[in-house]
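Reminder, nothing fancy here: chain letters follow the sequence lines and each chain counts from 1.
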Amino acid sequence: MNLFADIRELVVAELEALMAEGVLPKGLDLAAVAVEPPRDKGHGDMATNAAMVLAKPAGMAPRAIADALAARLMEDPRIAGADVAGPGFLNLRLEPAAWQGLVRAVLEQGTGYGRSSMGGDRKVNVEFVSANPTGPMHVAHARGAVVGDALAALLDFAGYAVTREYYINDGGGQVDVLARSAYERYREAHGLSPEIAEGLYPGDYLIPVGQALKDKYGDSLLNRPESDWLADVRVFATDMMMAMIRDDLAALGVTMDVYSSEKALYGTGQIETAIERLRGLGLIYEGVLEPPKGKAPEDWEPREQTLFRSTDFGDDVDRPVKKSDGSWTYFAPDIAYHYNKVQRGFDELINIFGADHSGYVKRLKAVVSALSENKVSLDIKLIQLVKLLKGGQIVKMSKRAGTFVTLRDLIDEVGPDVVRFVMLTRKNDVALDFDFDKVTEQSKDNPVFYVQYANARVNSILRKARDAGLDVGDATLSAAHLAHLGHEAELEVIRKLGEWPRLVEIAAKGHEPHRVAFYLYELASDFHGLWNKGNDDDSLRFIQGDTAISAAKIALARAVGVVICAGLGILGVTPVEEMR
RNA sequence: GGCCCCGUAGCUCAGGGGAUAGAGCGGCCGCCUCCUAAGCGGCAGGUCGAUGGUUCGAAUCCAUCCGGGGUCACCA
């Protein structure tokens, strides 16, 4: 049930009727007609802009359209009032029964309330994290992981067929570096002193890898030239890193559907096929790039390379797909990978990248657009930095020294629920402060706590009611006589519940999971407000002397709890039933 | 220099064609015999970075500029 959508349908139907009757000219485009919550509560329950958007194409005064529409809308039993206001808004007031019925719908549909068929089962691929398999995940990965996972859940809720995918960058030079670093730890495991040369990974996390190598290979790799062990160690170390990353993701509550390997693309002809296809479109050529503008590197020299014509798509320069030695650049397998995603039949691709990849966006969009003949859309969400604060100080991380704050550190300190919720309290393209002191604080300063507290209060009501001998099963609550929910404070909470399906669609359309977190905060706020009004006005308390009245009020509380649980479910946060 | 992101209340941020621009924190004033006061209510606080443009209507869209951040040859 989506009350806003229902009323919009009504408005559209009445407009069509007016066209059929000749009151309005025929053939008006009604796509821009919206039914929304008004900004100011005093304006009623819902507002439509129909008269304003149709005034010009219809060649009529907004007021005339609004009056005609209002008269027809008033005949619907759900509509209690329709007033023209301002520049031509039509403000609608709904009968309380319409709102009250919403509570029943929520209880009947449970956490499925708000689910949308908007996606129409279109196949969406959300690629996220894709951290290099060379070490543990750190804070920046955590934000990408949470945003990607919540976005995937949101799209699923909005009716898309979603695949969560991780692209393993296991094909480049960085895995050789990993192998060499691990080899030194292997030597260390044999009692030799490791030589962690400049450029190798110094982190302690490779010590167990060295030990594991010893367990598997004994001393057979010692004192051998690199060519004898590099390939084996690379696979071994990469596998261990990926196992660790999967564990980290699991600790955060993230489960991928598909892991794709860059390395696996080599030698299959997929890269060549994708490049040739682009060449067939005239987008690949051999050429020499000009030196970079601005500060040119001192050792820059011109060289002939195979280039992708990304300037056709608004990029600054064309981009190399082959190095001057003839091997592929990172870009080439990425082209093949995205071609692969297109071929798997996805209708939409979404990539979650760190903001430092912003320069990569145009060429990748160009590739997907070219290889899919514009049929597949690619949206790239760039995740801005996370700044860690502790005691008012910035927690620095230095990858070079091998001492960085890992995802695991974060989870160990504040728990996965706090990490997830806090990471979703900002738009992806705004930098985020993660303040250890604040996120663990138990006050309304801390949105995680605030929302959880609202749900805990709902459960508290249910417990108390049960203790008082009331039946608070969903069946009983659904059957409650909801006309008892007539107070303005109660209707206000119900209206907020009514916005949930609409919010889901807006958030899904914009690929903006943070909207869910903000909505939950607002819902929690409305609920806390209602709760406290019970301090002044006994009739607003949830548990009443009269069983029938109690049932109605508890039904409302329960409905709030249901929607909070649904929202937290999308965010991947576990609802708590009791604060301790 | 090019490209990307940001600029909204003292602070941290929502809103991203529609009415008198919102929330939290901080400040001030109130509310616990009663379902958790870990909370709630109220007051004060704004030329939505600037200037032009599009529109019936702009914080929102476009252009230019000013601040802040990020990024910029075969790395991945």
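The cationic atom of A:Arg457 (NZ for Lys, CZ for Arg) does not lie both less than 6.0 Å from the six-membered ring centre of A:Phe527 and within 45° of the ring axis. Both tests hold for A:Lys322 against A:Trp328: distance to the six-membered ring centre under 6.0 Å, angle to the ring axis within 45°. With A:Phe331 as the aromatic partner, A:Arg363 meets the cation-pi criteria of under 6.0 angstrom to the ring centre and within 45 degrees of the ring axis. A cation-pi arrangement, defined by a distance under 6.0 Å to the six-membered ring centre and an angle within 45 degrees of its axis, is absent between A:Lys362 and A:Phe313.
Ring pair A:Tyr453/A:Phe449 is parallel by interplanar angle, where below 30° counts as parallel and above 60° as perpendicular. Classified by interplanar angle (parallel below 30°, tilted 30° to 60°, perpendicular above 60°), the ring pair A:His514/A:Phe518 is perpendicular.
Look at CD1 on A:Ile380: it is 12 Å from C1' on B:C4, rounded to the nearest Å. Regarding A:Leu54, its CG atom lies at a distance of 14 Å from the C1' atom of B:G18, rounded to whole Å. In this structure, the CH2 atom of A:Trp531 is 6 Å from the P atom of B:A37, given to the nearest Å. Atom P of nucleotide B:U33 and atom CG of A:Asp536 are separated by 11 Å, given to the nearest angstrom. A straight line from CG of A:Leu389 to C1' of B:C25 spans 15 Å, rounded to a whole angstrom. Put simply, CZ on A:Phe331 is 13 Å from P on B:A76, counting in whole angstrom units. In this structure, NZ of A:Lys509 is placed 12 Å from P of B:G16, rounded to the nearest angstrom. Straight-line distance from the CG atom of A:Leu382 to the C1' atom of B:C5: 8 Å, rounded to whole Å.
The A:Arg541 side chain lies nearest to B:C35 when the options are B:C13, B:C35, B:G39. Distance from the side chain of A:Asp40 is smallest for B:U20 among the nucleotides B:U20, B:C40, B:G2. Distances were taken from every side-chain heavy atom of A:Lys56 (C-beta onward) to each of B:C75, B:C4, B:C56; the shortest belongs to B:C56. Looking at the side chain of A:Val430, the nearest of the listed nucleotides B:C6, B:A76, B:G39 is B:C6.
For B:G39, the base has no donor-acceptor partner in the side chain of A:Lys533 [N/O atoms by modelled type, under 3.5 angstrom]. Judged by distance alone, with hydrogens and angles left aside, A:Asp334 brings no side-chain donor or acceptor close enough to the base of B:A76 to form a pair under 3.5 Å. Applying the 3.5 Å distance criterion, the base of B:G70 shares no donor-acceptor pair with the side chain of A:Asp356.
Under the 4.0 Å criterion applied to side-chain N and carboxylate O atoms, A:Glu499 and A:Lys496 are assigned as salt-bridge partners. Ion pairing of A:Glu488 with A:Arg495 is present here, as a side-chain N (NZ or NE/NH1/NH2) and a carboxylate O approach within less than 4.0 Å. With salt bridges taken as basic N to acidic carboxylate O contacts below 4.0 Å, none links A:Glu577 and A:Arg463.
As rounded to the nearest Å, B:G16 and B:G68 have P atoms that lie 28 Å from one another. Taking atom P in both B:A9 and B:A21, the straight-line distance is 14 Å, to the nearest Å. Comparing the same atom, C1', in B:U8 and in B:A14 gives a spacing of 10 Å after rounding to whole Å. A distance of about 11 Å separates the C1' atoms of B:A58 and B:G53, rounded to the whole Å. Spacing between B:U60 and B:G17 at atom P, rounded to whole Å, works out to 10 Å. Of the P atoms belonging to B:C3 and B:U64, the separation is 9 Å, rounded to the nearest Å. Separating the P atom of B:G7 from that of B:C48 is a span of 14 Å, rounded to the nearest Å. For the C1' atom pair drawn from B:C11 and B:G26, the interatomic distance equals 7 Å after rounding to whole Å.
Nucleotide B:U71: paired with B:G2 (Watson-Crick or G-U wobble, both distances less than 3.5 Å). The nucleotide B:G7 finds its pairing partner in B:C66, both defining distances of the Watson-Crick or G-U wobble pair being shorter than 3.5 Å. With a cut-off of 3.5 Å on both Watson-Crick or G-U wobble distances, the partner of B:U55 is given as none. Across all strands shown, B:A14 remains unpaired; no Watson-Crick or G-U wobble contact has both distances below 3.5 Å. Nucleotide B:G41 forms a Watson-Crick or G-U wobble pair with B:C29, both donor-acceptor distances falling under 3.5 Å.
Phosphate contact (OP1/OP2 of B:G15, side-chain N/O of A:Lys427, threshold under 4.0 Å): present. Here A:Arg457 does not reach the OP1 or OP2 of B:C40: none of its side-chain N or O atoms lies under 4.0 Å away. Distances shown here put a side-chain N or O of A:Tyr450 below 4.0 Å from the OP1 or OP2 atom of B:C40. OP1 or OP2 of B:G15 sits under 4.0 Å from a side-chain N or O of A:His514. The phosphate of B:C75 (OP1 or OP2) has no side-chain N or O of A:Arg319 nearer than 4.0 angstrom.
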Which pairs would a plain distance check flag for residues 421-428 of chain A, meaning a side-chain donor or acceptor within less than 3.5 Å of a matching protein atom at least two apart in sequence or in another chain?
from: A:Thr425; atom 1: OG1; to: A:Val422; atom 2: O; distance (Å): 2.6
from: A:Asn428; atom 1: ND2; to: A:Leu382; atom 2: O; distance (Å): 3.0

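Of the two residues near RNA chain B, A:Leu289 and A:Tyr521, the one whose nearest nucleotide lies more 5' is A:Tyr521. The nearest heavy atom of RNA chain B to A:Asn535 and to A:Arg426 marks one nucleotide each, and the one closer to the 5' end goes with A:Arg426.
Using a 4.0 Å heavy-atom cutoff across all strands shown, A:Lys464 reaches sugar-phosphate atoms only and no base atom. Contact annotation for A:Thr329: backbone-only contact, meaning every heavy-atom pair under 4.0 Å involves sugar-phosphate atoms and none involves a base. If you check every strand for non-hydrogen atoms under 4.0 Å, A:Val53 touches a base. Residue A:Glu262 is in sugar-phosphate contact alone, with no base atom involved, counting any heavy-atom pair closer than 4.0 Å across all strands shown. Using a 4.0 Å heavy-atom cutoff across all strands shown, A:Asp429 reaches sugar-phosphate atoms only and no base atom. Using a 4.0 Å heavy-atom cutoff across all strands shown, A:Ala47 reaches at least one base atom of the nucleic acid. Residue-level contact check: A:Ala85 touches the bases, meaning some heavy atom is under 4.0 Å from a base atom. Within 4.0 Å of A:Asp538, counting heavy atoms only, lies at least one base atom of the nucleic acid. A:Gly359 comes within contact range of no nucleotide atom at all, as no heavy-atom separation falls under 4.0 Å. Residue contacts for A:Lys362: at a heavy-atom cut-off of 4.0 Å it reaches the sugar-phosphate backbone alone, with no base atom in range. Residue A:Phe518 is in sugar-phosphate contact alone, with no base atom involved, counting any heavy-atom pair closer than 4.0 Å across all strands shown.
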Write down the protein N/O and nucleotide N/O pairs, taken from nucleotides 57-67 of chain B, whose separation is under 3.5 Å; answer none if there are no such pairs.
from: B:A59; atom 1: N6; to: A:Arg39; atom 2: NH2; distance (Å): 2.8

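Under the stacking definition used here (centres under 5.5 Å, planes under 30°), the residue A:His528 fails to qualify as stacked on the base of B:G39. Here A:Phe89 packs flat against the base of B:A19; its ring centre is closer than 5.5 angstrom to the base's six-membered ring, tilted by less than 30 degrees.
With hydrogens and angles ignored, the 3.5 Å screen pairs no side-chain donor or acceptor of A:His43 with any backbone N or O of A:Ala85.
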Check: Yes or no on side chain to side chain contact (heavy atoms under 4.5 Å, CB included) for A:Asn351 and A:Lys381, after CA distance, side-chain angles and deciding distance?
Finding: CA-CA 6 Å; A:Asn351 290 1; A:Lys381 308 297 275 188; over 6 Å; no
